[in-house]
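Structure, as structure tokens:
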Amino acid sequence: MKPLNVTQKLINDHLIEGKLAPGEEIGLKIDQALLQDATGTLVQLELEAMNLDKAKTEVAVQYVDHNLLQTDFKNADDHAFLHSAAQKFGLWFSRPGNGVSHPVHMERFGKPGKTLVGSDSHSCAAGSLGMLAIGTGGLDVAAAIAGQPYFVKMPQVMGVKLTGKLPDWVSAKDVILEMLRRHDVKGGVGKVIEYYGEGLKDLSAMDRHVIANMGAELGATTTVFPSDQETKRFLKSQGREEDWTELIADEGCSYDLHDHIELDKLVPLIALPTSPGNVVPVSEVAGKSISQVVIGSSANPGLRDFWIAGAIVKGKSVNPDVSFDVNPTSRQIIQNMIDTKAFANLITAGARFHQSGCMGCIGMGQAPASGTISLRTMPRNFPDRSGTKDDQVHLCSPETAAASALTGKITDPRDIASLYDMKYPKFEDPELHIINEDMLVAPAEDGSKVTLKKGPNIKSLPHIEALQSDYEVPVLLKMQDNISTDEILKAGAEVLPFRSNLPEISKYSYTVIDETFYDRAMATKEKTGGHIVVAGDNYAQGSSREHAALAPKYLGQVAVIAKSYARIAWQNLVNFGILPLEFENPDDLDKIEQGDTVMLKNLRQLVEQRETIEVLIKKETGEVAIPTKHSLSDRQIRVLLKGGIINDFKEKLSA
Ligand code: MIC
């Protein structure tokens with residue numbers, strides 16, 4: 001048999017439908033599922049709409065890590081709802097404050113050789129353990145929990161060879177920032193990034209998590225690491241050695257695409273506002289004053305990351321102009337930080353400790369002061385995500401963050417060696433971590449007796465109408481390349497509490513780009529029955545939040561015409577019955593203006609027969625015909641024509 005890489009092995013072992021030809025849709029058996037609260041409320045409502053009796057996956061876990069601030073009843077009600085739903089539908093429940101989903105999952109549940117889908121784009125982090133872990137929209141996760149296969153376009157596999165060893169003051173975050181420097185935010189679309197080579201031996205499982213996690217920022221389908229002796233050591237340190245199995249690439253296997261990173265040549269890197277792909281060496285921007293440093297999030301989750309920051313600031317004080325915020329990733333990590341003195345080092349130097357969770361990473365508090373620079377070890381710095389208008393969030397390693405917290409300026413961590421006369425602190429990972437499972441609640445034996453607790457802010461899902469054949473609707477918004485889901489539907493403390501209330505959250509659609517959107521969309525919905533929007537490349541990159549499709553749908557969005565789409569967003573649009581069209585000639589975007597009217601004729605038939613869909617644009621000056629196409633699978637066409645997955649699923653149930 002032909003030698004296989006790790007990705008091919010994982011896919012082969014779980015393939016239910018389709019062929020391994022890049023670009024074709026495949027259906028995979030899913031072993032594990034992960035939900036976080038901000039996307040999970042919708043998923044649980046979807047499970048309710050699907051009438052699920054009990055989760056069919058081997059493991060499914062509902063985490064609560066995003067909406068932690070309880071400024072009124074809404075988030076607390078959501079937590080109670082999620083707890084009851086987890087009990088009812090057979091999921092584990094990780095209680096609020098227990099920690100961020102991805103590292104907790106890796107510590108307590110992840111298993112080499114398994115597949116996972118998660119309703120959070122960073123679910124790919126579990127690829128650090130030799131899993132095929134894919135972040136996706138909530139409906140796809142709900143379907144997997146209900147026992148359906150997960151459908152995705154067969155990706156190409158990019159093998160990234162790692163050689164050498166990271167120099168002092170350079171760490172895993174710099175490896176993924178280097179990938180982003182090379183490939184930018186859409187370089188990974190349609191690809192699995194598989195790391196291999198002798199350079200792996202000095203990257204711990206948690207270092208691999210840092211790299212796999214931010215594969216989401218490359219737009220990759222997922223990231224895969226082998227399961228080797230280091231994976232075994234990690235699982236042993238978590239008291240789960242028996243869950244280890246070896247999974248390594250066969251000698252002589254091949255990859256569709258290639259890249260190579262010489263680890264010893266890397267330098268400290270930083271992503272400038274407002275894209276994780278805007279990466280330069282720290283030395284290029286060193287010296288700029290900063291007002292905030294935040295360490296934490298699933299993109300820098302391990303004990304080492306907090307320990308190294310603690311060791312750098314040990315015995316010193318952070319700069320008086322800097323707020324030095326630490327978000328521990330889990331209660332277990334806090335206990336291990338106490339044990340290794342990292343906690344004391346950070347506190348004594350002036351750190352502000354927050355509860356374990358995503359916090360500022362999703363704009364739940366920790367907004368920086370206006371007009372100032374915030375340095376974060378987090379994965380994203382899209383416009384306004386922090387909660388401060390025109391924010392200047394930079395993304396960097398814990399070494400760069402801690403060094404800069406001391407000086408009050410962006411600082412290349414290699415420079416503090418001479419400034420403070422210190423050597424690079426060497427981390428020794430404890431053989432056995434303190435393990436804390438107190439806040440993980442097992443599913444109920446019999447969920448049928450559990451009643452769902454729904455507070456007044458939790459609204460059931462509306463019915464979605466099937467796609468019609470003819471439309472005459474306005475272009476309500478014209479956008480350019482790389483529009484993020486944050487710009488389509490804001491993150492942040494003001495909006496997140498409405499994740500379980502569609503009518504309310506839809507008021508925030510596209511407000512980062514155009515504050516008049518909601519009013520214009522509602523008026524148009526009444527008058528013409530809907531609208532379309534147009535965009536450039538990589539539309540809706542970033543998060544998996546399906547609200548960025550469902551809310552526009554609720555406001556009457558019929559179709560999007562874009563040059564290209566981010567993977568998750570493209571799937572979400574179809575799942576909620578919005579037609580994702582692509583320009584046959586990308587330059588035709590220039591021929592459309594906001595305010596033009598669009599005529600779509602005979603749409604159902606053209607979509608079904610995969611024919612060119614001619615979009616007639618009516619302008620004040622005349623008419624222009626623009627050819628468009630779609631790249632949906634037969635299954636997606638069926639789903640779309642019915643108005644989305646829920647309608648399709650209900651129809652299957654009643655058949
Ligand atoms: C993000 O990093 O953008 C989030 C918050 O984790 C999202 C999920 C969400 O919007 O709830 C993601 O990455 O999927």
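As the structure lists them, so they are numbered: ligands from 1, and atoms in each ligand from 1.
- Other residues, nucleotides and ligands contribute more than 12 heavy atoms inside 6.0 Å of the NZ atom of K563.
- Between H547, R385, M378, it is R385 that holds the heavy atom closest to atom 2 (O) of ligand 1.
- Below 4.0 Å from some heavy atom of S544 lie the following atoms of ligand 1, by number and element: 12 (C), 14 (O).
- No side-chain donor-acceptor contact under 3.5 Å links N381 and H394.
- Of the protein's non-hydrogen atoms, the one nearest atom 10 (O) of ligand 1 is R545 NE, 2.6 Å.
- Interface of I362 with ligand 1, defined as ligand atoms under 4.0 Å from a residue heavy atom, comprises 5 (C).
- Atoms of ligand 1 found under 4.0 Å from any heavy atom of H122 (numbered from 1 in listed order, with element): 2 (O), 13 (O).
- Atom 6 (O) of ligand 1 has its closest protein heavy atom at D120 OD2, 2.7 Å.
- The shortest side-chain heavy-atom distance between L477 and D514 falls under the 4.5 Å cut-off.
- No N or O atom of D486 sits closer than 3.5 Å to an N or O atom of ligand 1.
- Residues D305 and I295 have side chains not in contact (no heavy-atom distance under 4.5 Å, counting atoms from C-beta outward).
- Annotation: atom 3 (O) of ligand 1 to nearest protein heavy atom, R380 NH1, 2.7 Å.
- In terms of polar-atom proximity, Q36 is counted as a contact of ligand 1, with an N or O under 3.5 Å from an N or O of the ligand.
- Looking at heavy atoms from C-beta onward, M206 lies out of side-chain contact with R304 at the 4.5 angstrom threshold.
- Distances below 4.0 Å separate heavy atoms of S543 from the following atoms of ligand 1: 3 (O), 7 (C), 8 (C), 9 (C), 10 (O), 12 (C), 13 (O), 14 (O).
- Here the CG-CG distance, from L177 to L395, works out to 7.0 Å after rounding to the nearest 0.5 Å.
- Residue H66 approaches ligand 1 through these ligand atoms, each under 4.0 Å from one of its heavy atoms: 4 (C), 5 (C), 6 (O).
- Taking a 6.0 Å sphere around CZ of R95, one finds it holds 12 or fewer heavy atoms contributed by other residues, nucleotides or ligands.
- For ligand 1 and R499, the ligand atoms under 4.0 Å from any heavy atom of the residue are 9 (C), 10 (O), 11 (O).
- Remark: K453 NZ is loosely packed, at most 12 non-hydrogen atoms of other residues, nucleotides or ligands lying under 6.0 Å away.
- Compare S121, A38, S297, S484 by their heavy atoms: the one nearest to atom 12 (C) of ligand 1 is in S121.
- Side-chain atoms of H122 and P379, non-hydrogen and from C-beta on, do get closer than 4.5 Å to each other.
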